[in-house]
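For reference, the structure discussed in these notes is given below.
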Amino acid sequence: MSRKPLPGWKSLSLGGSIVEPGNSVQRPTGDWRVYKPIINQEKCVRCLLCWVYCPDMSIYIIDKPYRTSMGREWKFSVEVDYNFCKGCGICVEECPVKAIDFIEEVK
Ligand code: SF4
Ligand code: SF4
């Protein structure tokens, strides 16, 4: 991923205050990740606890139906936004059915 050079400290706002709320969407943080969560759609029970606990709002729902090998039909899938997921592992810890694998990131 190519990046623009970061601004120098002189361009920071006084006290480091945030003067443009919501600007984190312009700053992808996914390349900080050392470990990567991968949701196993087969095991996932769509409880969305990972969405509740993720500190980076990196869990999202997609309109993609999934049918398990046991024949259960889900109307949506749960995915990770790797542009922003920092790999903290909280979702992995909180998933009640251990449906999230945590593997070493390969860059
Ligand atoms: S916490 Fe686990 S089971 Fe619940 S939606 Fe997330 S991945 Fe699926
Ligand atoms: S590893 Fe952390 S940042 Fe990434 S999706 Fe899970 S809770 Fe969110």
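- You'll find the side chain of V34 stays beyond 4.5 Å of the side chain of E105, heavy atoms only.
- Dense packing is recorded around OH of Y60, with more than 12 heavy atoms of other residues, nucleotides or ligands lying under 6.0 Å away.
- To the nearest 0.5 angstrom, E73 atom CD is 11.0 Å from Y66 atom OH.
- Taking OG1 of T29 as the reference point, atom CG of D81 lies at 8.5 Å (rounded to 0.5 Å).
- To the nearest 0.5 angstrom, I100 atom CD1 is 7.5 Å from C44 atom SG.
- Y82 is connected to F102 through a chain of hydrophobic side-chain contacts under 4.5 Å among Ile, Leu, Val, Met, Phe, Trp and Tyr, so both are in one cluster.
- Shortest non-hydrogen contact noted between C85 and S58 is N-OG, 3.2 Å.
- Checked by atom type, the side-chain pair Q41/R46 shows a donor-acceptor distance below 3.5 Å.
- In terms of heavy-atom proximity, V80 sits nearest to P37 at CG2-O, 4.0 Å.
- Annotation for I62 and E79: closest pair CD1-CG, 3.6 Å, computed over non-hydrogen atoms.
- One distance of note links CG of L12 with OG of S17; it measures 9.5 Å at 0.5 Å rounding.
- When the side chains of ILVMFWY residues are joined at heavy-atom separations under 4.5 Å, either directly or via intervening members, I61 and V52 end up in a single hydrophobic cluster.
- Residues D56 and K86 approach most closely at OD1-NZ, 3.1 Å, considering heavy atoms.
- More than 12 heavy atoms of other shown residues, nucleotides or ligands fall within 6.0 angstrom of atom CG in N23.
- In terms of heavy-atom proximity, V92 sits nearest to K98 at O-NZ, 3.9 Å.
- Expressed to the nearest 0.5 Å, how far CD1 of I103 lies from CD1 of I38 amounts to 3.5 Å.
- Side chains of E104 and Y35 form a contact here, defined as non-hydrogen atoms less than 4.5 Å apart.
- With contacts defined as side-chain heavy-atom distances shorter than 4.5 Å, the pair F84/R27 does not qualify.
- For F76 against L48, the heavy-atom pair with the smallest separation is CE1-CD2, 4.4 Å.
- Summarising the geometry, atom CD belonging to E94 is positioned 7.5 Å from atom CG belonging to L49; distances are rounded to the nearest 0.5 Å.
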